[in-house]
Asks: 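Can you read through this structure? Questions will come right after.
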Amino acid sequence: PALAKDEDDKRASAGSEVTRTEAIEIAAAEGIAEVREVKARRGVWKFEGVDADGVVIEIEIDGFTGDVVKVEHYGMPVQGH
């Protein structure tokens with residue numbers, strides 16, 4: 001997924017160790033193929049998007065350790081994917 005250059009160094013919260021770019025790479029390794037929304041809150045990166053099959057996927061990554069906290073798939077493939 002393409003990112004604006006100024007977004008690369010944004011952190012999940014003050015003191016976070018994992019950049020937005022690093023978090024996206026981790027999410028991609030967990031199966032997210034298209035990022036539709038990114039949120040950073042309380043030291044956790046939250047990604048919503050779709051996987052390679054077009055199924056909605058949600059991934060949460062600890063902003064301090066880079067550990068994957070949650071991976072969930074929802075429903076059937078999204079139409080038009």
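Everything numeric here is computed off the predicted structure, so don't read it as measured data.
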Asks: Hydrophobic cluster membership, with links at side-chain heavy-atom distances under 4.5 Å among I/L/V/M/F/W/Y: are Val69 and Phe64 in one?
Replies: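 No: no chain of side-chain contacts under 4.5 Å links Val69 to Phe64.
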Asks: With rounding to the nearest 0.5 angstrom, report the CD1 to CZ distance, Ile57 to Arg36.
Replies: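 Spacing of CD1 (Ile57) from CZ (Arg36) equals 12.0 Å.
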Asks: Calculate, to the nearest 0.5 Å, the distance between atoms CD1 and NZ belonging to Ile61 and Lys46 respectively.
Replies: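 One finds 13.0 Å between CD1 of Ile61 and NZ of Lys46.
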Asks: Kindly compute the distance separating NE2 (His73) from CD1 (Ile59), expressed to the nearest 0.5 Å.
Replies: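 That separation rounds to 7.0 Å.
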Asks: Among all residues two or more places apart in sequence or in another chain, which pass the side chain to side chain contact (heavy atoms under 4.5 Å, CB included) test with Glu25?
Replies: Thr21
Asks: Just by distance, do the side chain of Trp45 and the backbone of Val18 share a donor-acceptor pair under 3.5 Å?
Replies: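 Judged by distance alone, yes, a pair lies under 3.5 Å.
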Asks: Side chains of Glu48 and Val56, heavy atoms from C-beta outward: is any pair under 4.5 Å?
Replies: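 Of all side-chain heavy-atom pairs linking Val56 with Glu48, none is under 4.5 Å.
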Asks: Search all heavy atoms of Ala52 against all heavy atoms of Ala33 and return the closest pair with its distance.
Replies: N-CB, 3.7 Å
Asks: Taking only residues two or more places apart in sequence, or in another chain, which ones meet Lys39 in a salt bridge (charged side-chain N to carboxylate O under 4.0 Å, His left out)?
Replies: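 In terms of salt bridge (charged side-chain N to carboxylate O under 4.0 Å, His left out), with neighbours along the sequence ignored, Lys39 is linked to Glu37.
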Asks: So, Asp51 side chain and Asp53 main chain: donor-acceptor pair closer than 3.5 Å or not?
Replies: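 Pair found, side chain donor or acceptor close to backbone of Asp53.
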